[in-house]
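Written out below as structure tokens is the structure these notes cover.
Proteins come first, then strands; the chains are lettered A, B, ... in the order of their sequence lines, and each starts at number 1.
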Amino acid sequence: MILHQWTKNPQEAIAIQKQLASQIERTDRLPATINYIAGVDIGFEQQNDTTFTRAVIVVLEYPSLKVVDYALHREVTRMPYIPGLLSFREVPAAIAAFQQLKQQPDLIMVDGQGIAHPRHLGVASHLGLWLDKPTIGVAKKRLCGKYQTVPEHKGSWTPLEDKGETIGAVLRSKDNINPLFISIGHRVCLNTAISWVTNCLTKYKLPEPTRQADRLASRRVVEERIFKEWNIE
DNA sequence: GCGACAG
DNA sequence: ATCTTGTCGC
């Protein structure tokens with residue numbers, strides 16, 4: 001279902017975000033059993049005078065964390081990067097990639113903020129609302145909010161607060177490595193978001209869903225060997 | 001006015 | 001995000 005037009009006008013985009021933010025669900029509404037978790041990431045390719053947006057979405061089986069499906073979509077980049085309006089640049093491509101999946105996920109982790117955003121509608125929230133799926137924002141940097149120093153050991157976290165409310169969690173996903181910024185995307189409460197990200201952590205900074213998506217999104221060319229490596233097709 | 005600013 | 005070499009540390 002179409003929620004709105006993907007305007008390229010900043011003023012209109014801000015108005016749309018304010019209207020959509022009220023529809024975000026901050027409490028759990030996800031399957032009792034999670035069998036498939038998706039990871040989303042976007043990369044860019046410069047080809048002479050044109051910039052292409054490349055969206056990658058991978059689906060991992062849980063708890064094995066094995067990749068069972070993935071999709072990729074390229075399109076000419078529609079908007080420049082403007083802090084706070086990232087979803088209007090990246091989400092359309094992510095939706096196109098999502099529609100190619102054969103295995104539907106029960107939960108989606110997105111590279112970027114969820115409600116930890118000036119108008120409470122980061123990429124993870126916007127994508128979740130559009131797809132009507134549970135989503136979690138997994139960002140590597142802070143967009144807004146304040147937080148206390150996080151203990152250095154893996155698993156510890158401190159609240160990310162803005163204007164008197166908790167908008168996310170600053171989570172140490174690996175010992176002595178910069179923390180991740182976790183926030184509600186849609187249909188998942190903060191504690192549930194934190195536990196699912198934690199459940200998907202192995203020996204790296206990023207949880208497996210976004211780490212695997214990142215591997216493809218940040219690649220110059222998607223070679224055939226990737227298919228074999230994941231035993232797909 | 002000045003600084004901050006996901007990817 | 002992307003452009004890029006070496007380098008410090010577990």
Side-chain angles (χ1 to χ4, degrees), chain A residues 6 8 10 13-14 17 20-21 24 39-57 72-97 108-130 135-147 152-154 160-163 167-186 190 193 197 202-207 209-222:
Chain A
W6 290 103
K8 295 173 177 56
I14 288 172
Q17 290 183 323
L20 295 182
I24 293 299
V40 180
D41 192 29
I42 277 70
F44 296 87
E45 300 173 14
Q46 189 63 52
Q47 308 233 330
N48 302 314
D49 278 14
T50 313
T51 300
F52 289 87
T53 298
R54 175 174 51 198
V56 171
I57 177 161
L72 183 154
H73 171 80
R74 278 191 182 81
E75 62 176 40
V76 173
T77 301
R78 60 182 73 209
M79 260 186 78
Y81 167 66
I82 300 172
L85 297 182
L86 187 63
S87 63
F88 284 80
R89 171 175 165 87
E90 301 190 340
V91 171
I95 291 169
I108 306 172
M109 292 187 190
V110 184
D111 191 321
Q113 314 290 350
I115 65 170
H117 175 281
R119 290 170 293 281
H120 306 301
L121 199 88
V123 276
S125 295
H126 204 154
L127 181 65
L129 193 60
W130 189 285
T135 58
I136 295 172
V138 180
K140 296 181 288 296
K141 292 179 181 176
R142 180 197 73 101
L143 208 212
C144 62
K146 297 175 299 185
Y147 60 98
E152 295 293 334
H153 59 276
K154 176 179 178 177
L160 176 62
E161 302 174 321
D162 194 38
K163 298 165 186 169
I167 57 173
V170 188
L171 173 72
R172 191 75 68 178
S173 56
K174 178 174 179 177
D175 289 352
N176 306 307
I177 296 298
N178 291 159
L180 293 178
F181 297 78
I182 310 304
S183 58
I184 290 171
H186 184 47
L190 184 59
V197 168
T202 58
K203 57 185 289 195
Y204 306 99
K205 170 177 179 174
L206 298 177
T210 26
R211 192 180 77 85
Q212 294 295 350
D214 198 65
R215 290 180 54 191
L216 263 188
S218 63
R219 196 172 208 96
R220 262 197 172 292
V221 181
V222 179

In whole Å, I'd like the distance from the [atom1] atom of [X] to the [atom2] atom of [N].
X        : N     : atom1 : atom2 : answer
A:Asp162 : B:dA4 : CG    : P     : 16 Å
A:Leu86  : C:dT2 : CG    : P     : 12 Å
A:Leu143 : C:dA1 : CG    : P     : 14 Å
A:Leu85  : B:dA6 : CG    : P     : 12 Å
A:Phe181 : B:dC5 : CZ    : C1'   : 13 Å
A:Ile82  : B:dA4 : CD1   : C1'   : 16 Å
A:Phe44  : B:dA6 : CZ    : P     : 13 Å
A:Leu216 : C:dA1 : CG    : C1'   : 16 Å

query = Is A:Asp41 paired with A:Arg215 through a side-chain N to carboxylate O contact shorter than 4.0 Å?
reply = no
ask   = Salt bridge or not for A:Arg54 and A:Glu45, using N-O below 4.0 Å?
value = yes
ask   = Donor-acceptor pair, A:Ser125 side chain versus A:Gly185 backbone, under 3.5 Å?
value = yes
message = Quick check against the 3.5 Å criterion: does A:His117 have a side-chain atom that pairs as donor or acceptor with the backbone of A:Gly84?
response = yes
request  = Please determine if A:Arg142 forms a cation-pi arrangement with A:Phe181, meaning its NZ or CZ atom is less than 6.0 Å from the six-membered ring centre and no more than 45° off the ring axis.
outcome  = no
Short side-chain N/O contact from A:Arg142 to OP1 or OP2 of B:dA6, under 4.0 Å = no
ask   = When you check the phosphate oxygens OP1 and OP2 of B:dC5, does a side-chain N or O of A:Lys141 lie under 4.0 Å from one of them?
value = no
Sugar-phosphate only, base, or nothing, as touched by [X] at under 4.0 Å among non-hydrogen atoms:
X        : value
A:Asn176 : nothing
A:Gly137 : nothing
A:Glu90  : sugar-phosphate

message = Wobble G-U and Watson-Crick pairs count when both distances are under 3.5 Å; given that, what is the 5' to 3' dot-bracket string of DNA chain B, with | for pairing to other strands?
response = .......
ask   = Once you round to the nearest 0.5 Å, how far does CD1 of A:Ile24 lie from CD1 of A:Ile115?
value = 8.5 Å
key: Residues A:Phe88, A:His126; criterion side-chain contact (heavy atoms from CB on, under 4.5 Å); working and verdict   = CA-CA 9 Å; A:Phe88 284 80; A:His126 204 154; 3.8 Å; yes
request  = Would you tell me whether A:Thr51 and A:Gln46 have side-chain atoms, one donor and one acceptor, within less than 3.5 Å of each other?
outcome  = yes
query = Are A:Arg172 and A:His153 close enough, and set up right, to give a side-chain contact (heavy atoms from CB on, under 4.5 Å), and what steps lead you there?
reply = CA-CA 7 Å; A:Arg172 191 75 68 178; A:His153 59 276; over 6 Å; no
request  = List the atom of A:Ile167, the atom of A:Gly145, and the distance in Å for their closest heavy-atom pair.
outcome  = CD1-CA, 4.3 Å
query = How does protein contact run along nucleotides 5-10 of chain C, one letter per nucleotide 5' to 3', with B for base contact, S for sugar-phosphate only, - for none, heavy atoms under 4.0 Å?
reply = ------
request  = Given side-chain contact (heavy atoms from CB on, under 4.5 Å), test A:Arg89 with A:Tyr81 step by step and report yes or no.
outcome  = CA-CA 7 Å; A:Arg89 171 175 165 87; A:Tyr81 167 66; 3.9 Å; yes
task = Evaluate the side-chain proximity of A:Pro207 to A:Val138: yes if any heavy-atom separation is below 4.5 Å, no if none is.
result = yes
ask   = In which stems does DNA chain C show up, taking only runs of three or more Watson-Crick or G-U wobble pairs whose two distances fall under 3.5 Å?
value = none
